[in-house]
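Working notes, structure below.
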Amino acid sequence: MAPKRKYDDGYIKFGFIAIETNREIRPQCVICATVLSNDALKPAKLERHLKSVHPTLSDRPPEFFLGKSENLKKMKLCTSGSRFESNEKVLSASFKISQLIAKSKKPHTIGENLLKPCLLTAVEEILGAEAKKKIQEIPLSNNTVKARIDKMSFDIEEQLLVKIKISPFFALQCDESTDVSQCCQLLVFVRFLDNDNLIKEELLLLQELGTTSKGSDVMKIINDYFEKHDIMWEKLAGFCTDGVSAMLGSRSGLTTLVKEKNCKVLTTHCIIHRQALASKTLPEELLYTLKQAIKLVNTIKSSALNTRIFKKICSDLDSEYETLLFHTEVRWLSKGNMLARLFSLKEEVAVFLTEKKNDNLLKCICDHKFEIHLAYLVDIFEHLNKLNLQLQGSGNNKLEGSANIFLFEDKLRAFMCKIDLWISKV
């Protein structure tokens, strides 16, 4: 193995300075920036490069080449800075595009398979091939987009935890819900005082319950999260849940376990959940009307052919809507929306049932008493929906939401009494 040659300061007279590449010293020409091998660190080889490549400069003094070396160093610094700035912009663009992908709830592969090809095509068409090369540097692969979203999610969580720890107290709202794929998920929302003394509400925790959804299972998840992030139970001022036994049980319910951690915490039953539960204990006539309304909707929506026929009827009659709405028990707002849409399209439904010769349901939809009961249900569930939306929006209005809720409940009770009196006279 040949010995490594060293640079001598006198080689500057040949127009060469020393740079380190792969842990070895190599000569670099200050005129053309060419880097030679370590074996070329010989006066004869350096002089031959100067006379053969730059013959017009072979008689220049060493001071001339020293000046060129300074210019070469400045050019390197400038190039390095611009490259760093370019990489920073590329990284920023990658994060912003990943954020848009996350907000759109699209697969991560859309970045590499659709967005980047679209960007490259548009940029090349409008700005040219040089701009296309810069766009090509933006990393948008599946793994990259996932990593970007994970980092942003972690940063948002860290910011939220800092605000919770600074707040003098906070409150939790907890619920578990099973989705359409039979996956039981625990959701924990937190309310706290922000720096501007406004009550803010954020999603603190979302985690799957692997097996059972007992109060002890939920408590373990919340307690583990508190211990992991050093959140103090002593700052917990309020705890709100729904009314199931796993939450409100006197022995092993979640609220009981929470009070073991902080006996001063105020536990409440979600007000909109109480309204939802009350709506399930309807009088017999109203319950019959509700079931018939669901049956009417299912008759049309459960069949693709019936849906198309009903849409054509609505189009011919120049109706405001063209479809009915399904409802799910999990989503409280959907039942009110379903009833309101059915009431708006009751004439179109009657035409559809006449064409289908469904006499039983046609008789029901044409019954005057059924129409009154349906209108009553539409109004009641509309008020419940408004209450639900008001509760969701009250978190950003300091403490005004609670007073508005109780005032709204009083108005709702008065309204229901009037409707009851009206129905009794029919």
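Only this structure's heavy atoms are used, side chains among them; waters, hydrogens and symmetry mates stay out. Fair warning: this is a prediction, and the values are worked out from it, not measured in the lab.
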Contact between [X] and [Y] at the side-chain level, heavy atoms closer than 4.5 Å - yes or no?
{"X": "V145", "Y": "I110", "value": "no"}
{"X": "L119", "Y": "I97", "value": "yes"}
{"X": "K235", "Y": "I164", "value": "no"}
{"X": "L114", "Y": "K106", "value": "no"}
{"X": "L324", "Y": "M338", "value": "no"}
{"X": "L41", "Y": "K6", "value": "no"}
{"X": "L257", "Y": "E260", "value": "yes"}
{"X": "W233", "Y": "V265", "value": "no"}

Practice problem: Take E285 and H373 through the test side-chain contact (heavy atoms from CB on, under 4.5 Å) and record every step on the way to the result. | Solution: CA-CA 8 Å; E285 290 185 347; H373 290 162; 3.2 Å; yes
What distance do [X] atom [atom1] and [Y] atom [atom2] have between them, rounded to the nearest 0.5 Å?
{"X": "K346", "Y": "E371", "atom1": "NZ", "atom2": "CD", "value": "5.0 Å"}
{"X": "L172", "Y": "T267", "atom1": "CG", "atom2": "OG1", "value": "12.5 Å"}
{"X": "C314", "Y": "I309", "atom1": "SG", "atom2": "CD1", "value": "12.0 Å"}
{"X": "H108", "Y": "I101", "atom1": "NE2", "atom2": "CD1", "value": "7.5 Å"}
{"X": "K369", "Y": "L374", "atom1": "NZ", "atom2": "CG", "value": "15.0 Å"}
{"X": "L36", "Y": "Q28", "atom1": "CG", "atom2": "CD", "value": "9.5 Å"}

Self-check item: Over-ring placement of K228 relative to Y225, 6.0 Å and 45° cut-offs
Solution: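 Judged by the rule (NZ or CZ under 6.0 Å from the ring centre, within 45° of its axis), K228 is not positioned above Y225.
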Self-check item: side chain to side chain donor-acceptor pair (under 3.5 Å), paired with R191, selected from E202, Q173, E201
Solution: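 When E202, Q173, E201 are each tested with R191, the side chain to side chain donor-acceptor pair (under 3.5 Å) holds only for E201.
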Practice problem: Please determine which of S98, S153, S94 meets the side chain to side chain donor-acceptor pair (under 3.5 Å) test together with R148. | Solution: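 Single side chain to side chain donor-acceptor pair (under 3.5 Å) partner of R148 among S98, S153, S94: S94.
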Self-check item: Lys/Arg-Asp/Glu bridge criterion (N-O < 4.0 Å) met for D155, K151
Solution: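 No, D155 and K151 are not salt-bridged.
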Self-check item: K146/D150 ion pair, N-O < 4.0 Å
Solution: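 Salt bridge flag = yes for D150 with K146.
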Quiz item: Can T323 and R341 be said to form a side-chain contact (heavy atoms from CB on, under 4.5 Å), step by step?
Solution: CA-CA 8 Å; T323 59; R341 180 65 62 86; 3.9 Å; yes
Distance-minimising heavy-atom pair for [X] and [Y]:
{"X": "L120", "Y": "K132", "result": "CD2-O, 3.6 Å"}
{"X": "Q207", "Y": "I221", "result": "OE1-CG2, 3.5 Å"}
{"X": "Q292", "Y": "C364", "result": "NE2-SG, 3.7 Å"}
{"X": "C174", "Y": "I222", "result": "SG-CD1, 4.2 Å"}
{"X": "N358", "Y": "T299", "result": "ND2-CG2, 4.4 Å"}
{"X": "L377", "Y": "L290", "result": "CD1-N, 3.9 Å"}

Enclosure of [X] [atom1] (heavy-atom neighbours >12, cutoff 6.0 Å):
{"X": "K311", "atom1": "NZ", "answer": "no"}
{"X": "K68", "atom1": "NZ", "answer": "no"}
{"X": "Y288", "atom1": "OH", "answer": "no"}
{"X": "E347", "atom1": "CD", "answer": "no"}

Do [X] side-chain atoms and [Y] backbone N/O form a donor-acceptor pair below 3.5 Å?
{"X": "S92", "Y": "K89", "value": "no"}
{"X": "K116", "Y": "I138", "value": "yes"}
{"X": "N262", "Y": "L236", "value": "yes"}
{"X": "T307", "Y": "I300", "value": "yes"}
{"X": "T109", "Y": "N142", "value": "no"}

Self-check item: With K165 via side-chain contact (heavy atoms from CB on, under 4.5 Å) - residues at least two apart
Solution: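 Expected list: D230.
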Practice problem: Check the pair I31, V53 against side-chain contact (heavy atoms from CB on, under 4.5 Å), reporting the backbone distance first and the verdict last. | Solution: CA-CA 10 Å; I31 305 300; V53 180; over 6 Å; no
Quiz item: Do the ring planes of H49 and H54 sit parallel (below 30°), tilted (30 to 60°) or perpendicular (above 60°)?
Solution: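 If you compare the ring of H49 with that of H54, the planes turn out perpendicular.
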Quiz prompt | Check against side-chain contact (heavy atoms from CB on, under 4.5 Å), Y376 and L339 | solution = CA-CA 10 Å; Y376 174 82; L339 292 170; over 6 Å; no
